[in-house]
Novice: 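The structure is given below, and queries will be raised subsequently.
Treat the numbers as computed from the prediction; the structure is a model and nothing was measured.
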Amino acid sequence: MPRFEEVLNSLLRMENIDIYVTGSNSRFLSSDIITEFRGRGDEVRVYPLSFAEFYSVYDGEYEDAWDDYMNYGGLPQVAGLPTERQKAEYLKNIFINVYLKDVVERNGIQSVGELNALVDILASAIGAPTNPTKISHTFASERRISYTNKTISRHIDYLEEAFLISKSNRYDIKGRKYIGANLKYYFTDLGLRNARLNFRQQESTHIMENIVYNELLVRGYNVDTGVVEVYGKNKEGKRVRKQLEVDFVVNLGSQRYYIQAAYDMTSEEKKLQELYSLRNIPDSFKKIVIVDGRTKPWRNEEGFVIMGMKYFLLHADSLEF
């Protein structure tokens, strides 16, 4: 319906009228539409089910619910399907016939093959720094396809506008500034991501990181990826600069938290790896490490909070421990 925004805005002149408008495709959810209602209302973002919501209707134990959530995500329809086969078929179908088809048609994309390959790359690299220029070079060298970095950046924006993926900017903690290159992308729903890869690449570490990221967004936090620069010496004794990563820099008003998502921290080597970047942050905001399992929150000798995924996900105020 052309110019439907004007019809809705005209209703606002009537007394005692509240208008609620819902939609689920990228055209309707795009910034183009939001602009039409600016200053006249609020946008409410509805995410897939959080784990706490999913678990509240799950008929089974925590471990089984966690496995299902990691595999099939939190789309409400999936939570109601009885078999794994039905869940997998539903997710594959909605990815192709709703999400991708919508993006292609709305933006008039001709290079559908390249877009599909790009989606596969992003799905395989959740939580990894992504550089459109490097992706472009890969297409040129391995596939003999000209897929420019500008086009790749634009297509990534389209996928983000369709709420298929979310972007995490890189933030220099010591320098207090954003770094433009090598952004990170996470899937809004892991079931869709896993279905795209035929449920093959099930790396627990990256999937857990994606779930933590989504949970933080659901709770209303602004989430970036942190970078901490440190200096050391190489084997030749020369001074070298190294960039350490903090998985998430989490902000809400004056609150800030630094969070590491560590699937496994049982060995001393893993502890050193996960805690090293936190030790080099030059401020006193709370530092949290989320590990897999049921570990109840506790503080180590350095004041860092260690907590299990179960506690983090099922307690809305878990970061306040």
Side-chain angles (χ1 to χ4, degrees), residues 66 70 122 124-131 134 167-176 178-179 181-187 190 193 201-216 221 223-251 256-313 318-319 321:
W66 175 239
M70 288 181 75
L122 294 175
S124 298
I126 52 173
T130 300
N131 187 319
K134 289 184 179 179
K167 175 176 63 181
S168 178
N169 293 305
R170 297 176 78 229
Y171 180 75
D172 180 351
I173 296 172
K174 290 184 177 181
R176 298 182 181 182
Y178 282 99
I179 305 170
N182 296 325
L183 306 180
K184 282 187 168 187
Y185 294 92
Y186 297 95
F187 268 70
L190 274 168
R193 177 264 182 187
Q201 293 176 239
Q202 302 293 81
E203 315 91 337
S204 298
T205 302
H206 296 148
I207 288 176
M208 175 178 152
E209 184 179 325
N210 201 140
I211 291 174
V212 171
Y213 175 80
N214 287 345
E215 178 67 23
L216 292 168
Y221 293 107
V223 186
D224 298 311
T225 298
V227 176
V228 182
E229 285 194 352
V230 297
Y231 290 87
K233 292 184 178 180
N234 59 18
K235 294 180 180 179
E236 290 74 34
K238 293 183 179 180
R239 192 167 182 260
V240 294
R241 185 182 66 176
K242 185 178 181 181
Q243 286 190 336
L244 305 177
E245 185 176 282
V246 178
D247 288 334
F248 305 117
V249 179
V250 181
N251 294 284
R256 172 173 287 186
Y257 309 92
Y258 299 111
I259 298 177
Q260 293 285 61
Y263 182 79
D264 176 26
M265 208 171 66
T266 54
S267 68
E268 287 301 318
E269 182 182 354
K270 288 296 293 182
K271 286 181 183 178
L272 178 63
Q273 178 183 332
E274 296 295 343
L275 300 181
Y276 188 44
S277 58
L278 297 181
R279 289 172 178 151
N280 283 277
I281 296 175
D283 62 47
S284 58
F285 288 111
K286 186 181 292 184
K287 300 167 180 67
I288 301 171
V289 181
I290 300 173
V291 298
D292 185 43
R294 297 174 175 239
T295 304
K296 292 184 178 180
W298 60 283
R299 289 180 182 271
N300 69 6
E301 63 277 6
E302 297 172 271
F304 301 162
V305 176
I306 316 295
M307 74 174 68
M309 276 292 286
K310 182 178 182 181
Y311 186 91
F312 168 70
L313 293 172
S318 56
L319 299 189
F321 176 84

Novice: Please indicate whether Lys174 has more than 12 foreign heavy atoms, meaning atoms of other residues, nucleotides or ligands, lying under 6.0 Å from its NZ.
Specialist: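 For Lys174, atom NZ is crowded (more than 12 foreign heavy atoms under 6.0 Å).
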Novice: Decide whether Glu209 and Tyr186 meet the rule of one side-chain donor and one side-chain acceptor closer than 3.5 Å.
Specialist: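 A donor-acceptor contact under 3.5 Å links the two side chains.
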Novice: Would you say the side chain of Ile211 lies within less than 4.5 Å of the side chain of Trp66, judging by non-hydrogen atoms?
Specialist: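 With C-beta onward as the side chain, the pair touches.
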Novice: Would you mind reporting whether Val289 and Asn300 have side-chain heavy atoms less than 4.5 Å apart?
Specialist: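 Side chain of Asn300 against side chain of Val289, heavy atoms only: no contact under 4.5 Å found.
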Novice: When rounded to the nearest 0.5 angstrom, what is the spacing between NZ in Lys286 and CZ in Phe321?
Specialist: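 Reported to 0.5 Å precision, the distance equals 8.0 Å.
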Novice: Supply the atom-to-atom distance Asn251 CG to Tyr171 OH, rounded to the nearest 0.5 angstrom.
Specialist: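 These two atoms lie 7.5 Å from each other.
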Novice: Take Leu183 and Thr130 through the side chain to side chain contact (heavy atoms under 4.5 Å, CB included) test and state the conclusion after the steps.
Specialist: CA-CA 5 Å; Leu183 306 180; Thr130 300; 5.8 Å; no
Novice: Contact between Ile126 and Leu190 at the side-chain level, heavy atoms closer than 4.5 Å - yes or no?
Specialist: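 Yes. Closest side-chain heavy atoms under 4.5 Å.
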Novice: Taking all atoms of both residues into account, what is the closest heavy-atom pair of Tyr231 and Arg239, and its distance?
Specialist: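 For Tyr231 and Arg239, the tightest heavy-atom pair comes out as CG-NH2, 3.5 Å.
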Novice: Provide the closest heavy-atom pair for Ile281 versus Ile173 in the form atom of the first, atom of the second, distance.
Specialist: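 For Ile281 and Ile173, the tightest heavy-atom pair comes out as CG2-CG2, 3.9 Å.
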Novice: Would you compute the distance between atom CG of Leu272 and atom CE of Met265 and round it to the nearest 0.5 angstrom?
Specialist: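 That separation rounds to 11.0 Å.
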Novice: If I take atom OG1 from residue Thr205 and atom CG from residue Asp292, how far apart are they, to the nearest 0.5 angstrom?
Specialist: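 Reported value, rounded in 0.5 Å steps: 9.0 Å.
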Novice: From Arg193 CZ over to Leu122 CG, what is the distance, rounded to the nearest 0.5 angstrom?
Specialist: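 It is 11.0 Å, given to the nearest 0.5 Å.
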Novice: Between Gln260 and Ser277, what is the shortest heavy-atom contact and its length?
Specialist: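 Residues Gln260 and Ser277, closest heavy atoms: NE2-OG, 3.1 Å.
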Novice: List the atom of Val212, the atom of Ala261, and the distance in Å for their closest heavy-atom pair.
Specialist: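 So the two residues come closest at CG2-CB, 4.3 Å.
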Novice: When you compare the side chain of Tyr258 with that of Val249, does any pair of heavy atoms fall below 4.5 Å?
Specialist: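 A side-chain contact exists here, since the closest heavy-atom pair is under 4.5 Å.
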Novice: Could you pull out the closest heavy-atom pair between Val291 and Thr295, with the gap in Å?
Specialist: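 Distance-wise, the nearest heavy atoms are CG2-OG1, 4.0 Å.
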Novice: What's the verdict on side chain to side chain contact (heavy atoms under 4.5 Å, CB included) for Tyr257 and Lys287, showing C-alpha distance, side-chain angles and the deciding distance?
Specialist: CA-CA 6 Å; Tyr257 309 92; Lys287 300 167 180 67; over 6 Å; no
Novice: How would you list, by chain and number, every residue that makes a salt bridge (charged side-chain N to carboxylate O under 4.0 Å, His left out) with Arg294, sequence neighbours excluded?
Specialist: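 Arg294 satisfies salt bridge (charged side-chain N to carboxylate O under 4.0 Å, His left out) with Glu63 only.
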Novice: Compare every heavy atom of Glu274 with every heavy atom of Leu278, then report the nearest pair and how far apart it is.
Specialist: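 The pair with the smallest heavy-atom distance is CG-O, 4.2 Å.
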Novice: When you measure from the side chain of Ser168 to the backbone N and O of Thr225, does any donor-acceptor pair fall under 3.5 Å?
Specialist: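 Present.
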Novice: Is any side-chain heavy atom of Leu319 less than 4.5 Å from a side-chain heavy atom of Leu216?
Specialist: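 When only atoms from C-beta onward are counted, Leu216 and Leu319 do touch, with a gap below 4.5 Å.
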Novice: Should Asp224 and Asn169 count as side-chain neighbours, where that means a heavy-atom distance under 4.5 Å?
Specialist: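 Yes, at least one pair of side-chain atoms sits under 4.5 Å.
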Novice: Tell me whether Asp247 contacts the main-chain N or O of Tyr213 through its side chain, where contact means a donor paired with an acceptor under 3.5 Å.
Specialist: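 No: the side chain of Asp247 does not pair with the backbone of Tyr213.
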Novice: Got a second to check how far Asn182's CG is from Glu245's CD, nearest 0.5 Å?
Specialist: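 Taking CG in Asn182 and CD in Glu245, the distance rounds to 10.0 Å.
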Novice: Just to verify, what does Tyr276 make a ring pair (Phe, Tyr, Trp, His ring centres under 6.0 Å) with, not counting sequence neighbours?
Specialist: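 So Tyr276 forms no ring pair (Phe, Tyr, Trp, His ring centres under 6.0 Å) with any residue.
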Novice: Under 3.5 Å, which donor-acceptor pairs do the side chains of residues 302-313 form with other protein atoms, sequence neighbours left out?
Specialist:
residue, atom, partner, partner atom, Å
Glu302, OE1, Arg279, NE, 3.1
Glu302, OE1, Arg279, NH2, 3.0
Glu302, OE2, Arg279, NE, 2.8

Novice: Count the heavy atoms belonging to other residues, nucleotides or ligands that lie under 6.0 Å from CZ of Arg299, then report whether that count exceeds 12.
Specialist: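 It does: Arg299 CZ has more than 12 such atoms within range.
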